[in-house]
Amino acid sequence: MSSNIVLIGFMGSGKSTVGRILAGKCGKYFLDTDSLIESVVSMKIRDFFEKHGEAEFRQREKELAAWLGSNVSNAVISTGGGMPTVVEDLGSIGKVVYLKIEFDSLLERLKAEEFEKRPLFQNVEFARKIFDSRVPLYEKHAQVTLDALKSPEELALLISQGF
Ligand code: S3P
């Protein structure tokens with residue numbers, strides 16, 4: 001067993017914040033799929049979308065998921081919000097934890113600069129449509145679902161204690 005924990009959820013649900021705290025608590029490595037892709041393409045996600053388009057980005061996510069599944073253990077992995085749309089079996093990478101949040105709560109929570117770095121969040125109505133289409137996918141992949149409105153510390157504690 002890989003002993004990885006894979007955090008999934010929509011943009012802004014707190015995956016990276018929770019993941020960092022959780023990794024510290026459990027003595028695991030913290031990995032963020034967006035940062036890993038940025039390092040391999042030497043470009044910010046936003047620029048990559050602009051230059052190469054979403055389909056190419058999804059291909060990178062797919063390749064990365066395969067690599068993580070074969071090479072990584074003992075890590076907390078925060079995934080980009082769209083990864084469950086292209087990866088069939090996130091459970092083969094590790095235990096999948098879904099940080100669930102309502103769309104309107106997200107809007108209240110995201111700051112302006114966070115909208116800017118996310119290419120799919122440039123238009124709120126468009127983002128809402130994506131959100132609605134994603135929820136069933138997150139639910140399908142989730143082995144555990146937690147309320148993302150709890151504090152990051154509480155979420156990390158719950159996950160580290162095995163929920
Ligand atoms: C995306 C989410 C982003 C990033 C990219 C696409 C999505 O990650 O991978 O902008 O399709 O939901 P975060 O969920 O970390 O913001």
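What you see below is based on every heavy atom in this structure, not just the backbone, and it leaves out hydrogens, waters and symmetry mates. Atoms within each ligand, like the ligands themselves, are counted from 1 in listed order. Along the sequence shown, residues are numbered consecutively beginning with 1.
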Inset, instruction - Below 4.0 angstrom from a heavy atom of Gly80, which ligand 1 atoms are there? Numbered from 1 as shown, please. - result: 8 (O), 9 (O), 14 (O)
Inset, instruction - Any atoms of ligand 1 less than 4.0 Å from a non-hydrogen atom of Leu120? List them with their elements. - result: 7 (C), 11 (O)
Inset, instruction - Spell out, yes or no, whether Leu36 and Val40 are grouped together once hydrophobic residues are joined by side-chain heavy atoms under 4.5 Å, including indirect joins. - result: yes
Legend entry - Non-hydrogen atom of Phe57 closer than 4.0 Å to ligand 1: yes
Legend entry - Structural part of Lys15 in contact with ligand 1, heavy atom criterion under 4.0 angstrom: side chain
Inset, instruction - Determine whether the side chain, the backbone, both or neither of Met83 has a heavy atom under 4.0 Å from any heavy atom of ligand 1. - result: neither
Inset, instruction - Please name the pair of heavy atoms, one in Asp34 and one in Asp32, separated by the smallest distance, quoted to 0.1 Å. - result: N-OD1, 3.0 Å
Return the option from [options] holding the heavy atom at the smallest distance from [atom].
atom: atom 2 (C) of ligand 1; options: Pro84, Gly12, Gly81; value: Gly81
atom: atom 7 (C) of ligand 1; options: Gly9, Gly82, Ser78, Gly14; value: Gly82
atom: atom 11 (O) of ligand 1; options: Met11, Arg118, Arg58; value: Arg58

Which protein non-hydrogen atom lies closest to [atom], naming both residue and atom, and how far is it?
atom: atom 3 (C) of ligand 1; answer: Asp34 OD2, 3.5 Å
atom: atom 12 (O) of ligand 1; answer: Arg134 NH1, 2.8 Å
atom: atom 10 (O) of ligand 1; answer: Pro119 CD, 3.5 Å

Legend entry - side chain to side chain contact (heavy atoms under 4.5 Å, CB included) partner of Leu90, chosen from Lys95, His141, Gln143: His141
Legend entry - Beyond-backbone contact of Leu137 with Thr85, side-chain heavy atoms, under 4.5 angstrom: yes
Inset, instruction - Using a strict 4.0 Å threshold on nitrogen-to-oxygen distance, state whether Glu56 and Lys51 make a salt bridge. - result: no
Inset, instruction - Determine, for Asp104 against Arg128, whether the closest basic-nitrogen to carboxylate-oxygen distance falls under 4.0 angstrom. - result: yes
Inset, instruction - For Glu153, look at atom CD and say whether over 12 heavy atoms of other residues, nucleotides or ligands are found less than 6.0 Å away. - result: yes
Inset, instruction - I would like to know whether Glu125 and Lys129 meet salt bridge (Lys or Arg N to Asp or Glu O under 4.0 Å); could you show each step before the answer? - result: CA-CA 6 Å; Glu125 283 322 306; Lys129 284 208 179 77; over 6 Å; no
